[in-house]
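So the structure is just underneath, and the comments pick up after that.
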Amino acid sequence: MADPDRLEDLIAIIDRALLSSGADDATFESDLASQLKAAKRVLQDELKGHFQRAEGQLGNWTDTIQPKGGR
Amino acid sequence: MSAQRKLSSIGGGQKTHQFVDDSNRFEELMRLGHSDVQIRVVKYGEESSGRRPLVILNSIDFPMPPSEQFCDRMWRARFRVVFIERPGFGTSTPLPGVLLQSETIRNGAASMAEAAILQEVFRRLALEDFVLLGMGSANSVCYRLAMICPMVALAIFSNAVFNQNILDVFRPNWFQAMLRQTIQSRAGLQIASFGVKYRLRRNPEGFYGQVLQKSAGDLGYLQNNLADFERGAELFQGIEAQTIEYDLNMSLKPDSLLKDGLFETTNAVAFSGLETTDHWKSQLNQEAKRLSIDVEYAPNGDLYAPYASPEFLLKVITDRLNRLGAAQSG
C-alpha cells in the first residue's frame with residue numbers, strides 16, 4: 001500500500017506534465033497523453049481506495065469505543 | 001575548478017549534498033513534493049559554468065554516473081554531466097507498486113509516470129536546452145522524454161532495443177537464459193533477480209567481466225573504473241523485483257508507442273558500438289529505419305559505448321547540434 005502523501009505528490013507531478021505537454025488541451029490527443037492520463041487514473045483510484053479503507057477503519061474504531069446503546 | 005560544498009534548498013523541497021569521492025562529482029538526494037519521494041542526482045562541476053547540460057539516465061545494469069575522466073572530457077568540450085538515478089534503482093524512490101502491475105507496464109502508463117517524475121527533476125534543476133543520453137534500459141523512458149520535454153535539445157538513445165527481437169545477443173548463455181526467465185514468469189523473475197544479486201554481491205568484477213565480454217572497450221572501461229562498478233553492484237542489491245520486472249519488460253517486449261515513423265520530427269539519434277554482433281546491428285538498423293531515426297556506431301564499446309568512445313560521442317553531439325542550429329537559423 002503506497003503512502004497517500006506519495007500518491008498525492010505523484011498525481012501533482014503528472015498534472016504538471018500534462019499541463020506542460022499540452023495534453024490537457026482537448027485538441028491534443030496522442031499515445032503519450034493517454035498513457036499519462038492512465039497513470040494518473042491508477043494513482044487516483046489507489047488514493048481513493050486508501051481513504052475508503054481509512055474511513056472504514058475509523059468507523060470500526062468509533063463503534064468499538066462507543067457501543068450502541070451505551071452512555 | 002572548485003567543487004560546490006554548500007547545502008541549499010530549491011523548489012520548496014529539501015536536498016542534501018554529499019561527495020561521491022574526491023573528484024568533482026557530487027551528489028544530492030532531491031526531495032520531490034511533501035512526501036518522502038527522492039531522486040539521486042550526481043553532477044559534475046559548478047552549476048554556473050555556462051556549459052550545456054549532458055543529462056544521463058542509467059540502465060538497469062549500472063545505476064552509476066560515468067567516470068570522472070569521461071565527465072572531465074565533456075567539461076572541456078563545454079558540456080556539464082548531470083546524472084540522474086532513475087526511480088527504484090538503488091537510492092531513488094521506486095514507482096509505487098500500483099503502477100508496476102502487468103497492465104500499467106504493458107500500456108506504457110508506468111513508463112510515462114517515470115517520464116513525468118524525471119521531467120519534474122529537470123524543472124527543479126532548471127535544466128534547459130540540454131542533451132539527453134539514455135543508457136540501455138533507460139531508453140523506453142527517454143523516447144517519451146524526447147517527445148514531451150521541450151527543454152531536450154537532442155536525445156541520444158544508446159543501445160536502445162526498440163522493438164527488436166534481440167535476446168540472442170546477450171552473453172554469456174546463462175545471462176541470456178536469466179533474461180528470458182525474467183520476462184516469462186514472475187517466479188522466474190524472482191529467481192533470476194536473486195541469482196544476479198548473488199553473483200554481483202560475491203564478485204562484481206567477475207559478473208561485469210562476463211556480461212561485457214563481447215567488447216574490449218567496455219572491458220577497458222570496467223578495469224579503469226572498478227570502484228564505480230563495485231558501488232553499482234551494491235546499489236543493484238536495493239532494486240526491488242517489481243522495478244526489475246518493469247524495466248526488463250519495457251526493454252525486451254514490444255513497446256506500443258514505437259509506431260512506424262515515430263521519430264521523424266524528434267531531434268534524436270540512436271547510438272551503438274561497433275563491438276557487438278552482426279545480428280544486433282542488422283536488427284537495430286532495421287528498427288531505426290522503421291522508426292525514422294539515424295544510427296551512429298562508435299568505434300569502441302558496446303553496452304557502454306558512449307563512455308568507451310567519448311570523442312566519437314562529442315562529434316555526434318556537436319554535429320547534430322550544429323545541424324539543428326543551422327536549420328533553425330535558416
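A note on names: the letters A, B, ... follow the listed sequences, proteins ahead of strands, and every chain is numbered from 1. Side chains included, hydrogens not; waters and symmetry mates left out as well; all remaining heavy atoms used.
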Quiz item: Which is it for B/Asp294 and B/Arg320 under the side-chain contact (heavy atoms from CB on, under 4.5 Å) test, yes or no, and what are the steps along the way?
Solution: CA-CA 11 Å; B/Asp294 294 339; B/Arg320 298 264 156 187; 3.1 Å; yes
[Y] and [X], any side-chain heavy atoms less than 4.5 Å apart:
{"X": "B/Arg40", "Y": "B/Phe83", "answer": "yes"}
{"X": "B/Ser256", "Y": "A/Asp31", "answer": "no"}
{"X": "A/Ser20", "Y": "B/Glu120", "answer": "no"}

Quiz item: Quick one: which residues of residues 136-149 of chain B reach chain A at under 4.5 angstrom, heavy atoms only?
Solution: B/Arg144, B/Met147, B/Ile148
Self-check item: Toward chain B, the part of A/Arg6 with a non-hydrogen atom under 4.5 Å
Solution: both
Quiz item: Does any heavy atom of chain B fall under 4.5 Å from the side chain of A/Asp5, the backbone, both, or neither of them?
Solution: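 Contact with chain B is through both the backbone and side chain of A/Asp5.
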Quiz prompt | Heavy-atom closest pair, residues B/Tyr246 and B/Ile105 | solution =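 Answer, listing the atom of B/Tyr246 first, then B/Ile105: CA-CD1, 3.6 Å.
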Exercise. Give me the ring orientation class for B/Phe122 and B/Phe130: parallel if the planes are under 30° apart, tilted from 30 to 60°, perpendicular past 60°.
Key: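 Taking B/Phe130 first and then B/Phe122, their aromatic rings stand perpendicular (interplane angle over 60°).
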Quiz item: Above 12 or not: heavy atoms from other molecules or residues under 6.0 Å from CD of B/Gln101?
Solution: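 Yes, the 6.0 Å shell around CD holds more than 12 heavy atoms from other groups.
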Quiz item: Does atom CD of B/Glu264 have more than 12 heavy-atom neighbours, drawn from other residues, nucleotides or ligands, at distances under 6.0 Å?
Solution: no
Quiz item: Any idea which of A/Ile14, A/Ile13, A/Leu43 has the most non-hydrogen atom pairs under 4.5 angstrom with chain B?
Solution: A/Ile13
Self-check item: Part of B/Thr93 lying under 4.5 Å from any heavy atom of chain A
Solution: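 The answer is the side chain of B/Thr93.
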